Structures are given as C-alpha cells and as structure tokens.
Amino acid sequence: MTAFPHLLQPLRIGGCTLKNRIMSTGHDTTLPVDGTVNAALVAYQEARARGGVGLIVLQVSGVHETARYTNHVLMATDDAAIAGYRSVADTVHRFGTVLFGQLFHPGREIAEADGGLLTVAYAPSAVPNERFRVMPRPLKKAMIDAIVHGYGDAARRMQTAGLDGVEIVASHGYLPAQFLNPRVNLRDDAYGGDMDGRLRFLREIIADIRSKVNSGFVVGLRISGSEIDDAGLTEDESFDAVSRLDDGIDYVHITLGTSASLGGAIHIAPPMTMKPGYVVPYAARIKRQSRIPVFVTGRINQPQDAEAIIAGHHADVCGMTRALICDPEMPNKTARGAPEDIRACIACNQACIGHFHKGYPISCIQNPVSGRELRFGVLPTASRRKNVMIIGGGPAGMKAAVIAAQRGHHATLFEAQRRLGGQALLAQLLPGRAEFGGLITNLERELELAGVQVHKGTRVDAAMIAAAAPDAALIATGAKPYLPEFPREGALQIVDAWEVLRARVEVGQSVVIVDWRADWIGIGIAEHLAKLGRSVRLAVGSIVAGETLPFYVRDDAAATLHKLGVKVLPYMRLYGSDSDSVYLQHVSSGEAVVIGNVDTLVLCTGHAPVEELSEALEGSNIDVRVIGDAASPRTAEEAVYEGLVAAAEL
Ligand SMILES: Cc1cc2nc3c(=O)[nH]c(=O)nc-3n(C[C@H](O)[C@H](O)[C@H](O)COP(=O)(O)O)c2cc1C
Ligand code: SF4
C-alpha cells in the first residue's frame, strides 16, 4: 500500500490519461538556440519522463512573430517546427508521459532585445509595462485576428507532431491576461469593456484552436489565481474569468504573480521565503466551483505536500517543476515508497530561473546534470577502481565523493569539523534561508546511498595524504572570510559577517554593513540586525543591494529591507574608519561619504581560499585537483558542479 494513493492515481483528461498527478509545468529552459527544439532539450525532457512524471508541459512556444520575448524562445509559427516537437513527443511517450505544449504571446512583456535591438511590443492598449519599461502599441483588429489564428495554427502543428494537448498561457500578465485586466485593457471596442468583452480574445483563441484540432486533443488554460500586484488581475477577476470559460477548456492551471512588476514577478518562481504550497487556496477556491480538473503550481516541493493537496480535493494535479529540475527521479522514488531518497529542491532559484534571467541554459545547484544531460546524463563506470581521498566536506567535496563512489571508485571523504556542510551550515543561518540547509541534508543522503566512507572531525595534512598514497586527492577545503586592509583609527568595533551569524559578537546599536559581494550575506545580516532593533546602513559596492542574486530573491529581499527601514547606500567602497565613523567612497564619483555615530562596522567583504593543503601538495606525484571555494571563492553552484566534473573525470 503506497503512502501516496491520491498522487499516484491516474487522471483521464480529454483523449489521454496521466499516469499520476505530478506535472512538470512549462518552463523556459534556454536550451534551444535558434527557436527550435534541439537535442539538449529532448535529453532534458527525456530525463524527466524516465523519472516517472505523469505530465510534461513543454516550455512556452511563440504563436506569432511579435511573441519573441527573449532571444531564445521556441517558436511554433512554422511547419518546420513540427519535427522538433515530434522528437520530444516520441521520446517522452516511450516512458508513458503525456506531453502538452504551451501557447504563448507575451504582449507587452518583452524582456530582452533581439540582437541588441528592442522589438516593438503589442498589447491591448498603450499601457506601459513597469518592469521592462516597455510602451506597447495598441493591437489593431487585423493583428488580433492574426495572433488568434497563430494560437490555432500552433496547436495544429503540435497535434501533428504527436503532442497530447496545449496550454494557453494566460498567466503572469501575458497577452491574454492583459486583455482580461481592466487596468491594462482600456479598449472601447468589442475586446474591451466588461468581462465579456475582455474575455473575447481568449474565447476566440479557444474557438480557433478547437476548429483546428481533434476532439480528444486537450486544451487547457494557465492563469494566475491572483497577479499579486496593485495593477494586476485580482483573485476575483481571475475567478470570474475561469468560471465563464470552463465550458470551453479541459483543465485550468492555477499559479500566481505577474511578469509586469518586480513585486508581482517574485511569484513566478517563488523563493524559499514563500511558504510551500501557498498557491493552493487560490486553486481550491476554483476547484470548489469548477467542473473541470484544476492543476496547481507554486512551491510544491515534496510528494507528501502534493498528496495532501490532491487528497484534500484542493486540486487534481500538482505542478512540481523545480522539484523535478532538482530530482527528475522524484516520481519514481515516490512510487517505490522512497521519498527520503528525493533530492528536494530548496527554492534557491540560483541555477534554474537564475540562469534563465542571465540567458544561460537551465541547471540546478544541487543537480548540475540538469540541462547538461548530453554531457553528464550517463556517467560511465570507472575502468579501474581508484582510491580517492576527498578533503573537505562542504558541497564540493560531498558531491565529488558521491559521484566518485557512484562511478565505482573507493571514495573517502574527510572533514575537519564535526559536521558536514562547510559554508552551507552558515548560509542556512541567514534569515529566511533555513531551507538552504536542505543542500546538506540531500548530499548526506546521497553520500549514504553511494556508500562513501566519511571521516568527520579529521583534519588531513600533506603527510597523511602521502602516507595513504591515494590514486587521486580532491581538495575541497573551502574558504575563510577575506578582510581587506584599510586605514583604521580608534577603537570602532569591526566584525565580519561570520562572527555575527555565529552570534559570537554583541553588535552595537548603530551599524554600517559594507557589502562587497552584493549577495545573500550582506542583505541577510542587515535583515538580522534590523530585526534585533539595530539601526542599519547597508553600503553596497553594486548598483542595488543583492545585485548578484537571482532576481526574485533580490526583489523579495528588497521588500524585506524596505519594510525594516534598512538604509541602502549603493555604489560604495570602504575607505577607512575611526573611533565612531565609517569612511566610504562613491565608486563612480570618487567623492567621500562619511557616516558618523557608528557603533559597529560589519564586513561582508568576501572570502579567500583555504589553500594550505593544496599548496603543500604542489609537486607531489599524486593526481591532485582543487575544487570549489578552495580554488576560488564563489557559490555553492560552482562548488557542486566542480565536484561533479572532477569526479566524472577520474
Ligand atoms: C527556469 C524557469 C523558467 C520558467 N519559464 C516559464 C514558462 O516558460 N512558462 C510558464 O508558464 N512558467 C514558467 N516558469 C514558471 C514555472 O512554470 C512554475 O510555475 C514555477 O517554477 C513555480 O513552480 P515550482 O515551485 O513547482 O517550481 C518558469 C520557471 C522556471 C524555474
Ligand atoms: S537551482 Fe535551487 S530552486 Fe532551482 S531547482 Fe535547483 S534547488 Fe531548486
């Protein structure tokens, strides 16, 4: 008897049957390079299908030339696209996974320039987009007709390719949502006015699709249950729209947020500060009213949560997208009753949506194979079993040990501290970042499953390595705080971020934080101290606080700092300090900025590698590889990736 009877129950929808209620929702992988499906995307989706997911919704496909919202968006505007779609469909069908396509037009949500040139954006009315600063042209009737036909033609192509259905993207403030929204649709023709008028565009799309596909071909609708923005669709408006449409569609898929504003966009891929399953009440309201299946997505990371949602009749299918990016085998592990083996997503956003926003192919900090299936999807068993010593039990060393052992090597991991995790142990102490500790829990389970020998509380030096004479030594000794030299006069309290996090120091009332990295640490320390009632100035060397962070994490943090009254000083570098002042310099103007009456200066000035061991091993005839922060302090993403690469090459 499974612990997941509802989640693993099949669902009949249109002409197809989902073998379980787990869905990978449409997510732009940035894997395609020329607007068509390529081998990397097929391999990516194959991994998820092999992992047992019931339904894959392919990433957005543009339905009209004006739908190119990024440089790499898939396009379904030409019959030449059919072959690519067919290769994904054939591949995932082999594993019994159902495949839908996403039909997409961004309207005014044009995020990127095409080859450096901004394209002309079209929308129902000339209402500017706040986030991308786009002033769209109002759509003329002829172009509305062309776009509507584009949806139908794209659906026809997808059906021809063997896909099982399509999902109209009316979520996140994209074109259909722009028509629905009375604050964005100011038209006085048949496409504007009351809800009936504003629904006309969607109704025409559905009719056009239906006229071009067979009756069993599924037509679903994705919509934000609320766009969570003052100018966005409200919960009542979304609810009203869905209620009026549900006789035309086969399912409705509820998510949250809008692309149109920095605040609303946070909910597109909600960071770990959002509660797991917080979207569910919006879906449940629609489910109570609706005669069609309701899908729900947003921070559903664990099968236990998904099971409760389906069992509670809050929804019929759960989108678990990042959960599947992080562990494509999650459905199989659920089905075989081994949920403790799942590598749970921690909603860090770093390599999935974080890569998307930088225009890089998708990956996952915990699962660097994601998006790189063609290179690392199958790691060959080692031709000779080697003795491998891995020194340093942070993310780099842990991952390296796992992969080395999985490949058949004799892998032994040494950690000087009593606990594994390295800097992740500290990172999880930052406010709202406790889930980051999941990185360690997941890697500890992987070590156990791979059968790695782990020695904690064991400091390894060059002599021990020489005595053990391993075939290879992977050095993952991490980093320590980097404290720059600067002129100091007087006895101002100067501490580093790690001391504050470990509660080793009593910080004064008036605090200046100097944040060179512009990452989680500076803003986290600022939040922590502001919550303790300190007066906090955060001097960042970047143009905004948290500049290097995934956008939704950054913007979520900006909201928190703003509410807490933290004063952010951008473009600052540390110049010096005296007994009660911190001297800064504006990095562009070179002008001095003096902050007086300071009790404590907190340095978030980055890290330096711990390289004693790697230096001591220089010139030895052992195969030595330095990985992660020990090579150069960066993030957990590089650490885990380099652990994989080093062990894959052994
Ligand atoms: C890398 C990435 C790209 C995304 N692109 C799309 C997209 O193309 N279409 C869409 O409707 N949603 C997109 N989303 C949102 C996801 O479909 C999903 O709603 C989001 O990841 C939250 O679900 P989760 O918490 O299960 O990951 C994207 C999400 C990620 C992480
Ligand atoms: S990068 Fe982070 S948020 Fe994205 S899938 Fe991996 S663990 Fe989840």
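Every number for a ligand or one of its atoms is a count from 1 in the order of the listing. The model shown is predicted, which means the values in this text are computed figures rather than measured ones.
- For the pair Asp250 (side chain) and Val219 (backbone), a donor-acceptor distance under 3.5 Å is present.
- Distances from atom 6 (Fe) of ligand 2 show that Cys364 has an N/O/S atom below 2.8 Å.
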Task: Worked verdict on Val37 versus Ser87 for side chain to side chain contact (heavy atoms under 4.5 Å, CB included) - done: CA-CA 8 Å; Val37 172; Ser87 58; 4.1 Å; yes

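- If you check each of Met274, His357, Arg322 against atom 24 (P) of ligand 1, the one with the closest non-hydrogen atom is Arg322.
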- [ ] Evaluate ring-ring contact (aromatic ring centres under 6.0 Å, His included) for Tyr44 paired with His27, printing each intermediate quantity in order.
- [x] CA-CA 12 Å; Tyr44 175 83; His27 58 286; 5.7 Å; yes

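- Within the 4.0 Å heavy-atom criterion, the part of Ala347 lying near ligand 2 is the backbone and not the side chain.
- Arg222 NH1, 2.5 Å is the protein heavy atom nearest to atom 11 (O) of ligand 1.
- In the vicinity of Gly319, heavy-atom distances shorter than 4.0 Å reach the ligand 1 atoms 26 (O).
- Given atom 9 (N) of ligand 1, the protein heavy atom at minimum distance is Gln102 OE1, 3.0 Å.
- On a distance-only criterion, His172 and ligand 1 share no N/O pair closer than 3.5 Å.
- A centroid separation of less than 6.0 Å is found between the aromatic rings of His267 and Tyr278.
- For Phe132 and Tyr69, the gap between ring centers reaches or exceeds 6.0 Å.
- At the top of the distance list for atom 30 (C) of ligand 1, counting protein heavy atoms only, stands Ile353 CD1, 3.6 Å.
- Atoms of ligand 1 found under 4.0 Å from any heavy atom of Met320 (numbered from 1 in listed order, with element): 26 (O).
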- [ ] Go through Ser61 and Met75 one step at a time and tell me if the side chain to side chain contact (heavy atoms under 4.5 Å, CB included) criterion holds.
- [x] CA-CA 5 Å; Ser61 292; Met75 294 297 283; over 6 Å; no

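- In terms of protein heavy-atom proximity, atom 5 (S) of ligand 2 is nearest to Arg322 O, 3.5 Å.
- Nearest-heavy-atom check against atom 22 (C) of ligand 1 across Ile268, Val60, Thr25 picks out Ile268.
- Heavy-atom proximity to Ile365, at under 4.0 Å, picks out these atoms of ligand 2: 1 (S), 6 (Fe).
- Here the OG atom belonging to Ser238 is positioned 4.5 Å from the CD1 atom belonging to Ile223, to the nearest 0.5 angstrom.
- Of the polar atoms of Ser171, none of the N or O atoms is found under 3.5 Å from an N or O of ligand 1, judged by distance alone.
- Proximity to Arg299 (heavy-atom distance under 4.0 Å) selects the following atoms of ligand 1: 24 (P), 25 (O).
- The shortest N or O to N or O distance between Asp28 and ligand 1 is under 3.5 Å.
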Task: Chi angles and distances behind the side chain to side chain contact (heavy atoms under 4.5 Å, CB included) call for Tyr552, Ile353 - done: CA-CA 9 Å; Tyr552 304 154; Ile353 197 88; 3.8 Å; yes

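- In summary, the atoms of ligand 2 found under 4.0 Å from a heavy atom of Asn349, numbered by their order in the structure, are 2 (Fe), 3 (S).
- Across the listed options Pro361, Ala269, Gly26, Pro270, Gly26 owns the non-hydrogen atom lying nearest to atom 14 (N) of ligand 1.
- Heavy atoms of Gln59 come nearer than 4.0 angstrom to ligand 1 in no pair at all.
- Among protein heavy atoms, the minimum distance from atom 26 (O) of ligand 1 is reached at Thr321 N, 2.8 Å.
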- [ ] Please step through side chain to side chain donor-acceptor pair (under 3.5 Å) for the pair Thr91 and Glu46, ending with a clear verdict.
- [x] CA-CA 6 Å; Thr91 302; Glu46 178 176 357; 5.3 Å; no

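- Each of the following atoms of ligand 2 lies closer than 4.0 Å to a heavy atom of Ala351: 1 (S).
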Open item on the list: Apply side chain to side chain contact (heavy atoms under 4.5 Å, CB included) to residues Val88 and Leu58 and explain how you reach the verdict.
Closed with: CA-CA 9 Å; Val88 192; Leu58 200 61; 4.0 Å; yes

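- Taking every heavy atom of Cys352 and a limit of under 4.0 angstrom, the matching atoms of ligand 1 come to 1 (C).
- Interface of Gln366 with ligand 2, defined as ligand atoms under 4.0 Å from a residue heavy atom, comprises 7 (S).
- Inter-residue side-chain proximity for Leu420 and Glu444 is flagged as met; some heavy-atom pair is nearer than 4.5 Å.
- Judged by distance alone, the side chains of Thr25 and Thr321 do bring a donor and an acceptor atom under 3.5 Å apart.
- The aromatic rings of Phe295 and His253 sit tilted, their planes meeting at an angle between 30° and 60°.
- The protein non-hydrogen atom at the shortest distance from atom 28 (C) of ligand 1 is His27 CB, 3.6 Å.
- Using cut-offs of 30° and 60° for the angle between ring planes, the Phe376 and Tyr641 rings count as perpendicular.
- Annotation for ligand 1: atoms under 4.0 Å from non-hydrogen atoms of Thr297 are 18 (C), 19 (O), 22 (C), 23 (O), 26 (O).
- The nearest heavy-atom contact from the protein to atom 8 (Fe) of ligand 2 is Cys345 SG, 2.4 Å.
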TODO: Determine, stepwise, if the pair Glu527 / Thr560 fulfils side chain to side chain donor-acceptor pair (under 3.5 Å).
DONE: CA-CA 7 Å; Glu527 179 180 344; Thr560 305; 4.8 Å; no

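- Side-chain polar atoms of Asp229 and Thr258 form no donor-acceptor pair below 3.5 angstrom.
- For a distance bound of 2.8 Å, the N, O or S atoms of Cys348 include none lying that close to atom 8 (Fe) of ligand 2.
- With hydrogens left out, the protein atom closest to atom 4 (Fe) of ligand 2 is Cys352 SG, 2.4 Å, a heavy atom.
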